[in-house]
Amino acid sequence: MDTFEAIQARKSIRSYQDKPVPRAVLERILEAGRLAPSAANTKPWHFIAVVNQEKRKILSKGVYAKFAAEAPLVIVVLGNKKTSPDWYTVDASLAAENMVLAAVNEGLGTCFVGSFNESEVKAALKVPENFKVLVMITVGYPKEKLDLTSKLLRLVQSRKQISEVASEEEFTKPFVPQKNAEH
Ligand SMILES: Cc1cc2nc3c(=O)[nH]c(=O)nc-3n(C[C@H](O)[C@H](O)[C@H](O)COP(=O)(O)O)c2cc1C
């Protein structure tokens with residue numbers, strides 16, 4: 001799978017098989033995060049791989065995070081507010097997407113989760129004060145059948161056209177693709 005294929009294949013998956021993510025696969029995913037670029041090479045991130053079921057239950061308390069209890073692995077992405085106050089959100093997000101694409105390449109399904117109570121997550125995972133919990137990533141082998149939430153979202157959601165999200169030379173000149181590269 002090349003990078004563009006992985007980007008195309010990535011979709012939020014919210015239902016997982018009862019099958020653990022092998023340690024070697026987890027290591028490759030974390031490695032993809034570790035190799036992300038960062039402003040002034042500050043690397044203002046930290047990733048916590050959570051497999052423990054009791055902990056995952058705590059992470060799944062958010063209204064839109066129930067499936068975090070079912071996912072065999074949740075990666076919690078933290079940003080260091082102290083080392084890079086201006087860029088930690090950008091840098092840690094780049095690392096997060098790197099990890100998601102690496103997971104897709106391994107045949108795994110993922111979903112970003114922003115539905116959580118930060119204080120609860122910090123307490124459960126013993127996160128130091130200077131780190132912000134930015135996002136969680138659920139990871140696991142997808143169930144054959146798509147879960148209901150993802151099915152419904154796919155019915156109502158659509159992707160914006162390139163010309164709606166990109167411009168040429170200045171904001172007011174929409175980028176017009178020569179051939180239809182959109183999906
Ligand atoms: C920062 C962020 C937070 C998200 N939080 C949640 C969430 O709490 N629960 C959920 O089910 N999906 C969550 N999503 C997934 C989005 O709903 C999903 O990416 C979007 O609907 C597009 O669908 P796709 O990922 O299948 O392309 C989140 C995505 C991002 C980027």
Side-chain angles (χ1 to χ4, degrees), residues 1-17 21 29-30 32-33 36-38 44-50 55-81 84 86-125 127 131-162 164-166 180-183:
M1 187 182 283
D2 68 26
T3 311
F4 195 69
E5 285 167 346
I7 290 166
Q8 284 181 317
R10 188 214 59 80
K11 299 268 178 333
S12 289
I13 299 292
R14 299 177 178 85
S15 185
Y16 304 94
Q17 296 174 40
V21 176
I29 294 170
L30 295 174
S38 63
W45 49 57
H46 194 95
F47 321 121
I48 306 181
V50 182
K55 288 203 173 83
R56 283 189 286 111
K57 264 191 196 155
I58 298 172
L59 302 183
S60 72
K61 279 188 180 172
V63 184
Y64 303 107
K66 299 300 167 210
F67 50 92
E70 187 191 315
L73 168 68
V74 180
I75 299 175
V76 179
V77 180
L78 312 175
N80 191 327
K81 296 181 276 187
S84 186
D86 292 337
W87 294 106
Y88 72 93
T89 49
V90 172
D91 292 344
S93 302
L94 297 174
E97 180 68 353
N98 264 16
M99 290 192 280
V100 162
L101 292 178
V104 170
N105 186 52
E106 301 282 349
L108 288 157
T110 65
C111 189
F112 283 108
V113 175
S115 176
F116 57 82
N117 177 305
E118 192 188 9
S119 313
E120 269 182 24
V121 173
K122 281 185 97 162
L125 307 183
V127 175
F131 282 90
K132 184 170 171 60
V133 182
L134 292 171
V135 76
M136 310 192 297
I137 305 168
T138 55
V139 186
Y141 294 96
K143 275 196 178 150
E144 292 271 315
K145 271 182 137 183
L146 205 60
D147 53 282
L148 189 63
T149 312
S150 301
K151 233 188 234 167
L152 289 173
L153 279 174
R154 264 167 225 184
L155 280 177
V156 296
Q157 277 175 342
S158 61
R159 297 289 186 195
K160 287 188 174 174
Q161 303 297 306
I162 289 181
E164 293 177 271
V165 298
N180 190 5
E182 297 173 23
H183 297 270

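As the structure lists them, so they are numbered: ligands from 1, and atoms in each ligand from 1. Atom set for the values below is all heavy atoms of this structure, side chains included, hydrogens, waters and symmetry mates excluded. Numbers here are sequence positions counted from 1.
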### Message
Using a 4.0 Å cut-off to any heavy atom of F67, which atoms of ligand 1 qualify?
### Response
10 (C), 11 (O)
## Note on the structure
So the atoms of ligand 1 within less than 4.0 Å of a heavy atom of S115 turn out to be 8 (O)
### Summary
Nearest non-hydrogen protein atom to atom 6 (C) of ligand 1, with distance, is F112 O, 3.1 Å
### Message
Checking the N or O distance criterion of under 3.5 Å, is ligand 1 in contact with V135?
### Response
no
### Query
Are F116 and ligand 1 in contact, using a heavy-atom cut-off of under 4.0 Å?
no
### Task
Go through ligand 1 atom by atom and flag the ones less than 4.0 Å from a non-hydrogen atom of V113.
5 (N), 6 (C), 7 (C), 8 (O)
### Summary
K11 heavy atoms within 4.0 Å reach ligand 1 at atoms 26 (O)
### Message
Please list the nearest protein heavy atom to atom 17 (O) of ligand 1 with its residue and the distance rounded to 0.1 Å.
### Response
R14 NH2, 3.3 Å
### Task
Step through the shown structure and confirm whether more than 12 heavy atoms of other residues, nucleotides or ligands are within 6.0 Å of NZ on K122.
yes
### Task
Heavy-atom contacts with Y64 under 4.0 Å: which atoms of ligand 1 show up? List them by number with element.
7 (C), 8 (O), 9 (N), 10 (C), 11 (O)
### Query
Considering only the protein, which heavy-atom contact is closest to atom 18 (C) of ligand 1, and what is its distance?
S12 OG, 3.5 Å
### Task
Under 4.0 Å, heavy atoms only, figure out whether ligand 1 is touched by the backbone of K66, its side chain, both or neither.
neither
#### Entry: Interatomic distance, T110 atom OG1 to R10 atom CZ [nearest 0.5 angstrom]
6.5 Å
### Query
Looking at atom 23 (O) of ligand 1, what's its closest protein heavy atom, distance included?
Q157 OE1, 3.7 Å
### Task
Quick one: look up the protein heavy atom nearest atom 3 (C) of ligand 1 and list residue, atom name and how far away it is.
G114 N, 3.7 Å
### Query
Roughly how far, to the nearest 0.5 Å, is CG of L125 from CG of L78?
8.0 Å
### Task
Can you sort out which atoms of ligand 1 are near R10, meaning under 4.0 Å from one of its heavy atoms?
24 (P), 25 (O), 27 (O)
### Message
Is it the case that the side chain of S115 and the backbone of Y64 share a donor-acceptor pair, with hydrogens and angles ignored and the cut-off at 3.5 Å?
### Response
yes
### Query
ligand 1 versus C111, non-hydrogen atoms closer than 4.0 Å: side chain, backbone, both, neither?
side chain
#### Entry: Rounded distance [0.5 Å steps], OH in Y141 versus CG in L108
4.5 Å
#### Entry: Check ion pair E70-K143 (N to O, under 4.0 angstrom)
yes
### Query
Mind checking whether T89 and L134 have side chains closer than 4.5 Å, heavy atoms only?
yes
### Task
Mark up the atoms of ligand 1 that fall under 4.0 Å of a heavy atom belonging to R159, in ascending order.
24 (P), 27 (O)
### Result of checking V50, I137, V127 against V76 for side chain to side chain contact (heavy atoms under 4.5 Å, CB included)
V50
### Query
Is the F67 ring parallel, tilted or perpendicular to the Y16 ring (thresholds 30°, 60°)?
tilted
#### Entry: F131 CZ to I48 CD1 distance, which is reported to the nearest 0.5 Å
9.0 Å
